[in-house]
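Worksheet: the structure to be examined is printed underneath.
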Number of protein chains: 4
Amino acid sequence: MPRADRKPANPKRAAPRRAAAAPRPDDPRAPADPATSGRTHAERRDEAERRLLAAAVRIVADRGIEGMTLTEVGEAAGYSRGLPAHYFGRKHDLVAAVASYIADGFATRLARTSDRPPGMASLLYSVASYLDRAAPDDAAPTRALMIALAEALTEPVLAEAMSGVTQRSVGRLRAMIRQGIERGEIRRDVDPHAQAVIILGTLRTTIAHWVIDPEHVDLATLRDCYVSSLQRSLAA
Amino acid sequence: MPRADRKPANPKRAAPRRAAAAPRPDDPRAPADPATSGRTHAERRDEAERRLLAAAVRIVADRGIEGMTLTEVGEAAGYSRGLPAHYFGRKHDLVAAVASYIADGFATRLARTSDRPPGMASLLYSVASYLDRAAPDDAAPTRALMIALAEALTEPVLAEAMSGVTQRSVGRLRAMIRQGIERGEIRRDVDPHAQAVIILGTLRTTIAHWVIDPEHVDLATLRDCYVSSLQRSLAA
Amino acid sequence: MPRADRKPANPKRAAPRRAAAAPRPDDPRAPADPATSGRTHAERRDEAERRLLAAAVRIVADRGIEGMTLTEVGEAAGYSRGLPAHYFGRKHDLVAAVASYIADGFATRLARTSDRPPGMASLLYSVASYLDRAAPDDAAPTRALMIALAEALTEPVLAEAMSGVTQRSVGRLRAMIRQGIERGEIRRDVDPHAQAVIILGTLRTTIAHWVIDPEHVDLATLRDCYVSSLQRSLAA
Amino acid sequence: MPRADRKPANPKRAAPRRAAAAPRPDDPRAPADPATSGRTHAERRDEAERRLLAAAVRIVADRGIEGMTLTEVGEAAGYSRGLPAHYFGRKHDLVAAVASYIADGFATRLARTSDRPPGMASLLYSVASYLDRAAPDDAAPTRALMIALAEALTEPVLAEAMSGVTQRSVGRLRAMIRQGIERGEIRRDVDPHAQAVIILGTLRTTIAHWVIDPEHVDLATLRDCYVSSLQRSLAA
DNA sequence: AATGAATGAGACTTCATTCAT
DNA sequence: TATGAATGAAGTCTCATTCAT
């Protein structure tokens, strides 16, 4: 006689299902009213998609792209195993969406958002605030970016997205360097593009260093140190 | 580099697979006579192990750690698919061995091998040649190191092995910076360790950037740019 | 060199395997309509689970626990080879489920289900009907129990389940013996527990004997023989 | 550069090798002089074979036939992985040899070794001492026999060897029963063969029960209980 | 006589993917 | 919209087995 109460042994299947009430405010920009009822299909779809992506980012930050399974993403987002596939189709496409989602979060990070004058001042300010913004309470997005950059070496779909965010970042730095040269603040023999690549590389490596070993790395000190180094090396 | 010869034509070949024609001189110091007969157990074992590791490195350079399968490693080395497991047991242990193997290949990369005077000159020379050596004919070792460093973020066994190379490399840079300070070439307020960590990271990140996107990055320009930046920012 | 794009496992996936023709009525109480369509998820799941367990019991009866493979269980039940793992996770857990399934089928075999008076009469009746019920058309369940009991010696998960069914059986026999003693039908110097263990052992060995060599063993004769022996040896 | 000190990850390979000095007096009947030197090839071969078999029995007692690997047998006996295959060829043949070896150890267990008079007294004495001898300091041989008997249900090569012990044991019991009948101690309507089969089976099943679940079974009580039951049920 | 290198079959297990509900 | 049942490919790992030393 079959046992009525048997459950599949897979422990993951025991994970919470659905949780329509208030799944989890995964996304910092969570909507004010996450209640299921009283919302249009489009709204629900959008929210589900956002939650799935946010869950995916957290998982990527933990275990990398290969370590992320569709089942896990669905359940971590408070939905069923099947939903990620339902929305994104192939895993490949989910990975692409995750990569864009991660990149978007950093897209404007080097944009000049202050009232600093263009050129050297903007550059130094952007560099400083890039490092400042890396250390919020939740390191997951930063960690996810680092991992996505790393795994772009072997995963073409990531390479594409990461190449995009890299080029935008390099472009912003390059523009500031050019302005600095035009304004006579920065040496004329500096190659704006190459210098921008090096600055971005230094920023990323500093953050990666902190992501790996936050205990022993003091971002504020490194920030000050780098800003003054940069000033010294670029000054006309 | 993709392999040319996939499998022996005759699938039911009972004879040992090791082709007498010296399948591939994986090891630069390949033995003169790789024929099967006339060698001791220990010799055969050592050679097989070396070949397996060399094959694994090539595959890691192509597809990353997760993309490397035991079957592929065995066959790429000219043996059976079972041999890697037979030697290394778990894939985990093969990965550890591969990581050490990769790390060993770069152990002396930042050692001062020139006749430059110690201190600033050595430092700048080492930095320049690190970037120069990244792009030889066979980029596989460099690629493999970059990938191993990247995947160390999510794979603890790699993290351990990579930590070794990193510490050795940081140590060498740190020593040069200290000498530069002692000789009065480098500012006294530079923290040798922190600066060494940042320099190494920047070198690596930049190379990774180039690996992913060689179109937009010219290593020679970067090298000159970085050397002069460093010189100015560190100079006493 | 960028990786060749990974391709979907099988682009032209063959149609689902579940034959609509009701592959095999594995379960004696097979459902009237095993067709795939028109059933809820829960129903399909339950039926699949029942079929898998029934198939597993048959295979265990044939080849023992070690000889049972997940692939075989899946296909013998009319499903894919992947389903057992999908439901039960590890083979270990399937084995545990099979052991419970087998034990459950025999759990009540020694319960007094007749209108015989308690004590000696019930005991003799239970013993007789235990042997009678062992010889239906399909010896697989009995054979599976014997094998599970045997392999419990080396497989802890079986030992647990078998220990359970054994203790229940011993408990029932012991209760009847106690009643017989209280009613003055059975000698006062009989140790109810030890005697119950011996009776169960004799029953099982008799059945095992028949399972192994049904041609030369006449269960009806052995039954009569043992019932009268028992009566003689226990009578007050 | 390949690491010279690498060992295969398989932990079993780290087990002691060879140990020519005085490996282990596995066999109680070990030769007086186990020294390697000064012995003929035949002697060394015999000893190696005996050691291998003794090691195999210990392993079977622990993990069963399927759980026994050739490598483990060789190393547990103090030799190399390859020796069992070298001597016995296929695993199948080693199993057969092990089965015979086990059976031989129990060949005389039911022989009347006392001065009891033939017939009923011998029968009861043999039964009692069979149970007594089951629980010596080293239960491995008993365990191994039980396991071999159990796995004979699914492993033909075992069935054959076990059939030998069984027939000898049944024969001895049958002879005692016949003598009892001739001497007028045992009822004439007892079938000597069937009764002997049932007695032997009950002895074995009971011991197996005790092996699995020693907590709930007291062999001494069982022995007394069974002896007096037998006496009453067989008495003329 | 004895060792151990190497092979290859076959098991378990995970998971992306498809499809019915 | 969302769930989850079911498939099947691909990978890891274990070992019996063969064969050179």
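Naming convention: chains lettered A, B, ... in sequence-line order (proteins, then strands); numbering from 1 in each chain.
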Indicate yes or no for a side-chain donor-acceptor contact from Glu151(C) to the backbone of Ile65(C) under 3.5 Å, with no hydrogens or angles considered.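 A pair under 3.5 Å: yes.
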Could you check whether any side-chain N or O of Lys91(B) sits under 3.5 Å from a backbone N or O of Met68(B), counting only pairs where one atom can act as donor and the other as acceptor?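 Side chain of Lys91(B) to backbone of Met68(B): a pair is present.
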Would you kindly give the [atom1]-to-[atom2] distance between [X] and [N], to the nearest whole Å?
X	N	atom1	atom2	result
Arg90(C)	dC12(E)	CZ	P	12 Å
Glu47(C)	dA20(E)	CD	P	17 Å
Tyr79(A)	dT1(F)	OH	P	13 Å
Arg45(C)	dA5(F)	CZ	P	5 Å
Leu83(D)	dT18(F)	CG	P	16 Å
Leu52(B)	dA5(E)	CG	P	13 Å
Leu70(B)	dG10(E)	CG	P	19 Å
Ile65(C)	dC12(E)	CD1	C1'	15 Å

Take Thr71(C) and Lys91(A), find for each the nucleotide of DNA chain E with the closest heavy atom, and name the residue whose nucleotide sits nearer the 5' end.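 Its nearest nucleotide lies further toward 5', so the answer is Thr71(C).
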Taking the nucleotide of DNA chain E with the nearest heavy atom to each, does Met68(A) or His86(A) sit closer to the 5' end?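 Its nearest nucleotide lies further toward 5', so the answer is Met68(A).
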Does dA5(F) have its OP1 or OP2 closer than 4.0 Å to a side-chain nitrogen or oxygen of Arg81(A)?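 For dA5(F), OP1 or OP2 has a side-chain N or O of Arg81(A) closer than 4.0 Å.
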5' priority, DNA chain F, between Gly82(A) and Thr69(B) [closest heavy atom]: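 Its nearest nucleotide lies further toward 5', so the answer is Gly82(A).
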side-chain contact (heavy atoms from CB on, under 4.5 Å) with Glu155(B): which residues, sequence neighbours excluded?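 Glu155(B) satisfies side-chain contact (heavy atoms from CB on, under 4.5 Å) with His92(B), Val157(B), Leu158(B) only.
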Check side-chain contact (heavy atoms from CB on, under 4.5 Å) between Glu49(A) and all other residues, then give those that pass, not counting sequence neighbours.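 Result, side-chain contact (heavy atoms from CB on, under 4.5 Å) vs Glu49(A): Arg45(A), Tyr87(A), Phe88(A).
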Look at the side chain of Ala48(D) and decide which nucleotide, out of dT7(F), dA5(E), dA2(E), has an atom nearest to it.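 Nearest to the side-chain atoms of Ala48(D), counting from C-beta on, is dA2(E).
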Of all the choices, dT14(F), dC12(E), dA5(E), which nucleotide is nearest to the side chain of Arg44(B) once you look at every atom?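 In terms of side-chain proximity for Arg44(B), the closest of dT14(F), dC12(E), dA5(E) is dA5(E).
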Classify the nucleic acid contact of Tyr87(D) as base, sugar-phosphate or nothing, counting any heavy atom under 4.0 Å across all strands shown.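 Sugar-phosphate, no base atom in range.
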Minimum heavy-atom separation for Ala48(A) to Leu83(A), with atom names?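 In this case the closest contact between Ala48(A) and Leu83(A) is CB-CD2, 4.3 Å.
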Positive for side-chain contact (heavy atoms from CB on, under 4.5 Å) with Leu52(B), one of Leu94(B), Val57(B), Val73(B):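 It is Val73(B), the one option of Leu94(B), Val57(B), Val73(B) that forms the side-chain contact (heavy atoms from CB on, under 4.5 Å) with Leu52(B).
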Please lay out, stage by stage, how Thr71(A) and Glu75(A) fare under the test side-chain contact (heavy atoms from CB on, under 4.5 Å). CA-CA 6 Å; Thr71(A) 293; Glu75(A) 294 184 343; 4.1 Å; yes
For Watson-Crick and G-U wobble pairs within 3.5 Å on both distances, what is DNA chain F written in dot-bracket notation, | included for inter-strand pairing? .||||||||||||||||||||
